[in-house]
Amino acid sequence: MELKGLFKKNTNKIIDDSKANVPDGLYTKCPVCSKMVLTEDVYLNNCICPECNHYNKIDARTRISMVVDKNTFEEWDEGIKESNPCQFEGYSEKIVSLKAKTGLDEAIVTGRGKIDGNDTVIGICDTRFLMGSMGEVVGEKLTRAVEKATELKLPVIVFTCSGGARMQEGIVSLMQMAKTSAAIKKHDEAGLLYITVLTDPTTGGVTASFAMLGDIILAEPGALVGFAGPRVIKQTIGQDLPKGFQRAEFLLEHGMIDAIVERHELKSTLGYLLKVHKQSDNNKMEDYKVYLSDKFETLKNEGNQELISISEYDKGLQSDENATTAWERVQIARGNDRPTALDYINRLTKNFYELHGDRQFGDDGAIVGGIAMFGKQPVTIIGQQKGRTTKENIHRNFGMPNPEGYRKALRLMKQAEKFNRPVICLVDTPGAYPGIGAEERGQGEAIARNLYEMSSLKCPILSIVIGEGGSGGALALAVGDEVWMMENSIYSILSPEGFASILYKDARKAEEASEKMKITAKDLYELGIIEKIIPENGEISKEKLRPIGLYMKIEIAKFLIEKCGMNTSELVEARYNRFRKI
């Protein structure tokens with residue numbers, strides 16, 4: 001039910017309307033916690049119960065007032081008539097009645113408006129009209145809106161709330177799934193942004209078409225989202241369903257959506273996503289590099305010893321006098337105090353918005369990724385993430401990705417390619433997770449697919465080994481235009497322990513193996529495997545990341561100026577030749 005009409009006249013015995021003379025509609029009863037609350041308080045709380053935080057359904061006009069800038073919404077395609085293709089008895093009369101009752105002409109409102117000043121096309125489903133079901137008019141209105149957005153080169157945002165395809169229209173309703181999906185495909189091929197916001201409920205044919213095709217898929221907390229609803233599943237196969245089944249949180253855990261967004265944060269989130277997907281401002285990168293360089297020189301001239309040491313570091317290659325052994329670097333690279341991928345992301349970029357899931361199976365905590373700003377340039381940044389505490393490491397699987405982690409990374413890289421965003425990968429893993437489930441879900445195929453797709457990705461890729469670069473699990477994020485390493489990081493075919501076990505039949509000879517394997521940054525620079533070593537000025541820590549991060553930003557700016565200035569064919573060919581010569 002929607003909020004309007006959801007809270008009926010109070011019948012709670014504690015408050016007797018006839019005796020207390022309470023005005024009709026002053027109080028409302030939450031359908032979940034059954035508490036009586038002031039209707040005004042519910043509206044002021046974004047139509048969320050202030051007692052139990054239950055998200056009430058809201059009508060399309062209320063949704064527009066919440067997320068669209070005032071007086072900017074222009075409604076499109078009103079007045080399209082239904083045809084009653086199955087001659088369903090009473091259907092035409094029901095449509096007429098609903099139009100009069102709801103003030104809607106159908107179960108979706110479409111049009112154009114601004115969100116935080118960003119122009120967009122919007123579609124909003126409304127369950128007051130036959131549970132938001134999709135018939136031919138809903139399909140036609142949405143298709144026209146997407147087509148017009150494609151013509152105008154505008155993004156599309158659709159708020160879904162539906163029981164699915166409209167039964168009264170039979171196969172004609174089913175065909176709207178294909179029609180809307182085809183229109184979205186053309187919009188996608190034009191390189192335009194499509195966002196869906198899943199609200200409660202989103203089921204059936206809507207889920208199996210336009211709801212789940214977003215470049216970015218958001219959901220409200222607790223929203224029911226699924227193809228076959230819980231009741232249908234229970235009736236069909238008699239299976240008990242897990243708690244929270246098909247709720248937004250369930251979908252996030254299972255990799256189907258990017259994020260759950262609280263209603264009060266929805267407008268600002270959509271505004272940021274629209275802004276960051278506007279055309280990249282590569283022309284500002286030179287200005288940003290100059291700004292960073294001036295800042296570096298100013299701090300150095302003021303006597304900042306860390307920056308002085310960094311600036312005197314010759315190509316990142318240590319002198320033999322202070323040489324650290326390979327095994328010592330292995331220990332440093334594995335150190336619990338080293339900055340993690342998220343530490344680097346927060347230092348190197350701003351406004352990081354994490355995106356989740358592979359859209360197939362799960363959301364792997366061992367890989368984090370999303371969109372951020374590097375100066376005025378939007379970037380996709382992806383990292384292999386370790387934890388510091390036992391609890392964090394369990395969640396992050398000790399930095400060992402599963403197939404769904406690599407597939408999430410690839411999904412984000414393909415998204416970056418669509419929007420011409422550079423990709424920055426932060427490598428830090430002992431290796432891909434070697435578990436039974438990982439093999440069942442295609443660990444080898446997932447890594448191979450990343451190597452295959454990254455080799456020809458039509459946007460710049462920079463990969464930086466920040467800790468351990470273990471085997472194919474690391475290479476799956478390191479098919480870059482350039483590969484850099486932190487001074488004390490390692491990059492190897494296998495762990496020293498594994499190498500020793502295989503070749504020496506004795507894992508205790510790992511230290512000896514590490515000296516033979518050529519795994520240090522200096523070794524790999526001399527072999528021509530990497531382009532740059534980032535100095536650590538001893539051993540990097542979260543505290544040292546500030547000055548070293550400034551140096552890294554200058555170098556990344558130089559990289560982006562060069563690579564973003566190349567046309568895509570030159571970029572891809574240069575990447576191919578980089579690996580071809582090794």
Side-chain angles (χ1 to χ4, degrees), residues 59-61 63-64 67-68 72-85 91-92 95-96 98-99 102-115 118-166 168-199 202 204-217 270 274 277:
D59 64 90
R61 307 295 177 191
R63 179 75 70 181
I64 290 168
V67 299
V68 180
T72 66
F73 185 73
E74 169 197 344
E75 188 167 354
W76 288 349
D77 298 313
E78 296 179 271
I80 302 174
K81 288 189 176 182
E82 287 81 5
S83 65
N84 195 5
Y91 178 57
S92 297
I95 294 296
V96 171
L98 283 169
K99 287 182 177 182
T102 65
L104 299 169
D105 78 329
E106 248 298 344
I108 191 169
V109 174
T110 61
R112 177 176 179 173
K114 294 183 184 293
I115 298 178
N118 301 285
D119 209 5
T120 186
V121 171
I122 304 165
I124 304 173
C125 299
D126 195 318
T127 54
R128 293 177 300 158
F129 205 106
L130 286 177
M131 271 306 295
S133 57
M134 179 169 62
E136 62 176 329
V137 175
V138 170
E140 183 65 20
K141 289 186 71 172
L142 181 59
T143 299
R144 289 188 189 185
V146 174
E147 288 174 340
K148 200 174 295 187
T150 306
E151 179 185 342
L152 297 172
K153 295 181 169 51
L154 289 175
V156 174
I157 299 174
V158 176
F159 292 82
T160 66
C161 189
S162 176
R166 189 169 296 176
Q168 294 91 331
E169 293 188 17
I171 196 70
V172 172
S173 177
L174 189 71
M175 292 303 106
Q176 305 309 308
M177 295 168 61
K179 183 170 80 176
T180 54
S181 299
I184 292 164
K185 176 64 174 175
K186 285 194 170 186
H187 186 262
D188 173 76
E189 289 173 344
L192 299 169
L193 175 66
Y194 177 50
I195 298 175
T196 55
V197 183
L198 314 181
T199 72
T202 297
V206 167
T207 298
S209 57
F210 64 86
M212 299 304 292
L213 294 176
D215 294 302
I216 297 174
I217 303 178
L270 291 172
L274 289 171
H277 280 85

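Only heavy atoms go into these numbers, but all of them, side chains included; no hydrogens, no water, no symmetry mates. Nothing here was measured: the structure is a model prediction, and the numbers come from that model. For this chain, numbers begin at 1 and follow the sequence in order.
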To the nearest 0.5 Å, tell me how far [X] [atom1] sits from [Y] [atom2].
X: Lys153; Y: His187; atom1: NZ; atom2: NE2; answer: 10.5 Å
X: Met134; Y: Leu174; atom1: CE; atom2: CG; answer: 8.5 Å
X: Gln176; Y: Ile171; atom1: CD; atom2: CD1; answer: 10.5 Å
X: Thr196; Y: Phe159; atom1: OG1; atom2: CZ; answer: 10.0 Å
X: Leu130; Y: Thr102; atom1: CG; atom2: OG1; answer: 9.5 Å
X: Arg144; Y: Ile80; atom1: CZ; atom2: CD1; answer: 3.5 Å

Trace of the side-chain contact (heavy atoms from CB on, under 4.5 Å) decision for Ile195 with His277 = CA-CA 11 Å; Ile195 298 175; His277 280 85; 5.9 Å; no
Can you find a pair of side-chain heavy atoms, one from Pro155 and one from Leu192, that are under 4.5 Å apart?
->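 Not in contact.
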Taking side chain as C-beta onward, heavy atoms only, is Lys148 less than 4.5 Å from Thr110?
->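 No. Closest side-chain heavy atoms not under 4.5 Å.
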Out of Asp188, Val158, Ile184, which one pairs with Leu213 under the side chain to side chain contact (heavy atoms under 4.5 Å, CB included) rule?
->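 For Leu213, the side chain to side chain contact (heavy atoms under 4.5 Å, CB included) test succeeds with only one of Asp188, Val158, Ile184, which is Ile184.
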List the steps, then state whether side-chain contact (heavy atoms from CB on, under 4.5 Å) holds for Val67 with Ile157.
-> CA-CA 11 Å; Val67 299; Ile157 299 174; over 6 Å; no
Check against side-chain contact (heavy atoms from CB on, under 4.5 Å), Val197 and Leu270 = CA-CA 10 Å; Val197 183; Leu270 291 172; 4.3 Å; yes
Ala107 to Phe129 - nearest heavy-atom pair and separation |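 Looking at all heavy atoms of both residues, the shortest contact is CB-O, 3.5 Å.
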Evaluate side-chain contact (heavy atoms from CB on, under 4.5 Å) for Val109 paired with Leu104, printing each intermediate quantity in order.
-> CA-CA 8 Å; Val109 174; Leu104 299 169; 3.8 Å; yes
Do [X] side-chain atoms and [Y] backbone N/O form a donor-acceptor pair below 3.5 Å?
X: Ser173; Y: Arg166; value: yes
X: Ser181; Y: Ser209; value: no
X: Thr202; Y: Thr160; value: yes
X: Tyr194; Y: Val146; value: no

Answer yes or no: is there an ion pair linking Arg128 with Asp126, defined by an N-O contact shorter than 4.0 Å?
->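 Asp126 and Arg128: salt-bridged.
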Are Glu140 and Lys179 within salt-bridge range, i.e. N to O under 4.0 Å?
->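 Yes.
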Using the side chain to side chain donor-acceptor pair (under 3.5 Å) rule, pick out the option among Glu169, Gln168, Glu82 that qualifies with Tyr91.
->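 One option only clears the test, and that one is Glu169.
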Can you name the one residue among Lys99, Lys81, Lys141 that meets side chain to side chain donor-acceptor pair (under 3.5 Å) with Asp105?
->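 Checked Lys99, Lys81, Lys141 against Asp105; only one passes side chain to side chain donor-acceptor pair (under 3.5 Å): Lys141.
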